[in-house]
Amino acid sequence: MNTNYLESSIKQFEYYKMLGEKAITQIPDAALFWQSNKDSNSIAMIIKHLSGNMLSRWTDFMTTDGEKDFRDRDSEFENVMITRAEILEMWERGWACLLAALKSIKPDDLDKIIYIRNQGHTVLEAINRQLAHYPYHVGQIVFVAKMKIENDWLSLSIPKSESKSFNAEKFVQEKHRGHFTDDSLK
């Protein structure tokens with residue numbers, strides 16, 4: 001059970017990373033910094049926040065608090081113009097830290113207590129916390145990207161009006177065990 005949970009969690013995170021990347025590749029550089037109003041976040045800000053959170057939470061997560069001294073959370077929400085390459089480097093660094101940490105976890109570790117801002121969580125609870133947090137922000141990235149692309153958006157899931165053909169393709173296959181992301185991560 002615990003091995004399956006870890007494998008499933010990693011696949012979920014990889015799936016949301018892929019969704020974010022597919023959205024980001026569809027937008028021009030200027031759209032990375034677009035804000036609908038002064039209180040909204042640009043895609044670049046969301047990426048800085050995700051990366052900062054991932055690096056803070058998952059660096060030495062078994063032995064140090066998840067809110068690291070090196071993190072400057074407030075600066076993550078400043079819309080500083082940097083290059084696409086710098087933004088993507090932040091994205092990759094955060095995800096690499098998260099995925100390496102998850103791949104280091106043994107099933108027996110899931111019940112161990114770790115801390116985030118001095119609040120104890122089991123490792124399993126910390127994973128679940130981030131499985132809710134990161135997809136929330138990836139969804140924001142997708143939404144903002146979709147607004148900026150408008151009519152040229154390439155769907156990241158089943159395109160509108162194509163559910164019947166998608167399902168028909170699935171139901172001609174034999175029943176089998178698998179993770180729903182298996183086909184999307186190829």
Side-chain angles (χ1 to χ4, degrees), residues 9-105 114-119 121 126-157 181 184-186:
S9 297
I10 290 167
K11 285 183 179 187
Q12 288 282 154
F13 282 116
E14 289 172 337
Y15 174 74
Y16 284 101
K17 178 181 187 285
M18 179 268 307
L19 286 180
E21 289 167 351
K22 284 187 173 185
I24 293 164
T25 60
Q26 293 189 52
I27 60 172
D29 292 357
L32 291 168
F33 303 96
W34 178 81
Q35 293 175 259
S36 64
N37 60 55
K38 69 178 183 61
D39 292 322
S40 67
N41 294 324
S42 69
I43 290 174
M45 293 161 75
I46 296 166
I47 290 172
K48 288 191 310 182
H49 172 62
L50 281 169
S51 181
N53 183 280
M54 290 173 180
L55 293 169
S56 185
R57 295 292 182 267
W58 298 103
T59 300
D60 302 324
F61 72 100
M62 295 291 274
T63 57
T64 62
D65 192 278
E67 190 64 22
K68 305 291 188 289
D69 290 338
F70 64 74
R71 184 178 187 201
D72 181 5
R73 185 180 183 281
D74 291 335
S75 73
E76 295 166 10
F77 297 99
E78 295 171 4
N79 206 14
V80 179
M81 300 296 197
I82 55 178
T83 66
R84 175 183 286 268
E86 290 170 308
I87 292 167
L88 293 178
E89 191 276 326
M90 285 181 203
W91 174 266
E92 288 300 330
R93 194 168 6 121
W95 285 101
C97 179
L98 162 69
L99 293 169
L102 292 175
K103 290 173 183 177
S104 76
I105 297 170
I114 62 171
Y115 293 88
I116 301 172
R117 295 187 184 109
N118 279 342
Q119 181 180 28
H121 297 66
I127 293 170
N128 285 344
R129 176 177 173 161
Q130 301 315 82
L131 264 174
H133 183 201
Y134 301 155
Y136 166 78
H137 287 305
V138 170
Q140 291 173 328
I141 290 170
V142 171
F143 183 73
V144 171
K146 198 171 182 178
M147 284 194 307
K148 294 307 290 175
I149 296 299
E150 296 177 359
N151 297 326
D152 295 325
W153 179 254
L154 300 174
S155 178
L156 305 181
S157 62
T181 64
S184 353
L185 293 172
K186 292 178 183 174

Would you list the atom pairs, donor with acceptor, under 3.5 Å between side chains in residues 144-155 and any protein atom, with sequence neighbours excluded?
from   : atom 1 : to     : atom 2 : distance (Å)
Ser155 : OG     : Ser157 : N      : 3.3
Ser155 : OG     : Ser157 : O      : 3.1

- With sequence neighbours left out, the residues meeting side-chain hydrogen bond (donor to acceptor under 3.5 Å, both in side chains) with Thr59 are none

- Item | Results of ring-ring contact (aromatic ring centres under 6.0 Å, His included) for Trp34 - residues two or more places apart only | none

- Has the side chain of Ser51 got a donor or acceptor atom that lies under 3.5 Å from a matching backbone atom of Trp91? no

- Hey, what do you get for CD (Glu92) to NZ (Lys17), rounding to the nearest 0.5 Å? 3.5 Å

- Assign the ring pair Trp95 / Tyr134 to parallel, tilted or perpendicular, where the plane angle (0 to 90°) is split at 30° and 60°. perpendicular

- Among Gln35, Glu78, His137, whose side chain to side chain contact (heavy atoms under 4.5 Å, CB included) with Met45 holds? Gln35

- When rounded to the nearest 0.5 Å, the distance separating CG of Leu102 from CD of Glu14 is 9.0 Å

- Task: Using distance alone, with no hydrogens and no angle criterion, decide if Asn53 and Gln130 have a side-chain donor and acceptor under 3.5 Å apart.
- Result: yes

- Can you measure from CG (Leu131) to CD1 (Ile10) and round to the nearest 0.5 angstrom? 10.5 Å

- Are Ile105 and Phe61 close enough that some pair of their side-chain heavy atoms sits under 4.5 Å apart? yes

- Any luck finding a side-chain donor-acceptor pair between Gln140 and Asn41 under 3.5 Å? no

- Is the backbone N or O of Thr63 less than 3.5 Å from a side-chain atom of Asp60, with the two atoms forming a donor-acceptor pair by type? no

- To the nearest 0.5 Å, what is the distance between CG (Leu156) and CD (Glu21)? 11.5 Å

- Query: For Thr64, what residues pass the side-chain hydrogen bond (donor to acceptor under 3.5 Å, both in side chains) criterion, not counting sequence neighbours?
  - Reply: Lys68

- Task: Sequence neighbours left out, what pairs pass salt bridge (charged side-chain N to carboxylate O under 4.0 Å, His left out) with at least one residue falling in residues 47-59?
- Result: Arg57-Glu67

- Under the side chain to side chain contact (heavy atoms under 4.5 Å, CB included) rule, what do Leu32 and Ile24 come out as? Steps first, then yes or no, please. CA-CA 8 Å; Leu32 291 168; Ile24 293 164; 4.2 Å; yes

- Message: Is there a side chain to side chain contact (heavy atoms under 4.5 Å, CB included) between Trp58 and Leu99? Walk through the geometry before answering.
- Response: CA-CA 9 Å; Trp58 298 103; Leu99 293 169; over 6 Å; no

- Within-4.5 Å side-chain heavy-atom neighbours: Phe33 and Ile87: yes

- Query: Partners of His121 by ring-ring contact (aromatic ring centres under 6.0 Å, His included), sequence neighbours excluded?
  - Reply: none

- Task: Check the surroundings of atom CZ in Phe77: do more than 12 heavy atoms from other residues, nucleotides or ligands lie under 6.0 Å from it?
- Result: yes

- Query: Considering only heavy atoms from C-beta outward, does the side chain of Arg73 approach that of Glu76 to under 4.5 Å?
  - Reply: yes

